[in-house]
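Taking it in order: structure first as structure tokens, then the write-up.
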Amino acid sequence: PVREANARVFGRDEIPAYDFGAAKYIVSFGADFLETFGSATEYQRGYAESHGFTQGREPAKHVYFAPRASLTGLNADEWHAVAPGSETSLALAMAGVLMQQRGGSVSGMPSVSVEEAAKATGLSAETITRLAQEFAAASPSLAVAGGIGSQTATATELCAAVNLLNYAAGNVGQT
């Protein structure tokens, strides 16, 4: 799903490299990057660098959205138990908040309102908006999706939505 989503969104049939160490805000949509997702050892190192107190740097905030708490979710600053399969609408709503803030749009990007995402996920609209604004304000940030925990019929759509969220936040080429 990660590779296919990259082909659909960016025209590149590749698995991306994620720089957790450079991120000031990390959002995972079910990707258990500390245990089973991608290059877990490299991601653990980067996460420890960004999420710990190092070189006078404020630790990165870590938010985890998934129906169940994995090792990554248990290490998050905020874990939000969302309804299974609702993560795509959440990522699209967050991307929409960022695009509205910046006065732009992405051609062909599906539109999901914060209210629709709130209904689908079980989160409040205020929580979704707050987290989207925090994500946008902490630059560079990083959103990830995919892996064992999110292997559903809509896994590719979720990964594509997270690509759009990273694009809207200006993270492509940064983290």
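None of the values given here were measured: they were computed from a predicted structure.
Taking 4.0 Å as the cut-off between side-chain N and carboxylate O, Arg3 and Glu14 do not count as a salt-bridged pair. Salt-bridge annotation for Arg45 and Glu49: present, with a side-chain N of the basic residue lying under 4.0 Å from a carboxylate O of the acidic one. Taking the charged nitrogens against the carboxylate oxygens, Glu4 and Arg8 do have a contact shorter than 4.0 Å, which makes a salt bridge.
Identified under the salt bridge (charged side-chain N to carboxylate O under 4.0 Å, His left out) test for residues 17-27, with sequence neighbours left out: none.
Between the side chains of Asp77 and His51, a donor-acceptor pair is found at a separation under 3.5 Å.
Counting only distance, with no hydrogens or angles, the side chain of Trp79 and the backbone of Ala66 share a donor-acceptor pair below 3.5 Å.
Cluster annotation: Tyr64 and Leu90 are assigned to distinct hydrophobic clusters (Ile/Leu/Val/Met/Phe/Trp/Tyr, side-chain heavy-atom contacts under 4.5 Å, transitive).
Checking each of Leu165, Val144, Thr88 against Phe29 for a side chain to side chain contact (heavy atoms under 4.5 Å, CB included) leaves exactly one that passes, namely Leu165.
Closest approach of Ala23 and Ser141 over heavy atoms only: CB-C, 4.3 Å. When all heavy atoms are compared, the tightest approach of Pro84 to Pro67 is CA-CG, 3.6 Å. Nearest heavy atoms, Val97 versus Val114: CG2-CG2, 3.5 Å. Nearest heavy-atom pair, Ala143 versus Tyr18, reported as atom, atom and distance to 0.1 Å: O-CE2, 4.5 Å. Across every non-hydrogen atom of Val2 and Cys159, the tightest pair is CG2-SG, 3.8 Å. The minimum heavy-atom distance between Asn171 and Leu142, with the atom names listed, is ND2-N, 3.8 Å.
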Worksheet item: When you look at Tyr25 and His62, which way does the ring-ring contact (aromatic ring centres under 6.0 Å, His included) test go after all the steps?
Response: CA-CA 6 Å; Tyr25 200 102; His62 172 204; 9.4 Å; no
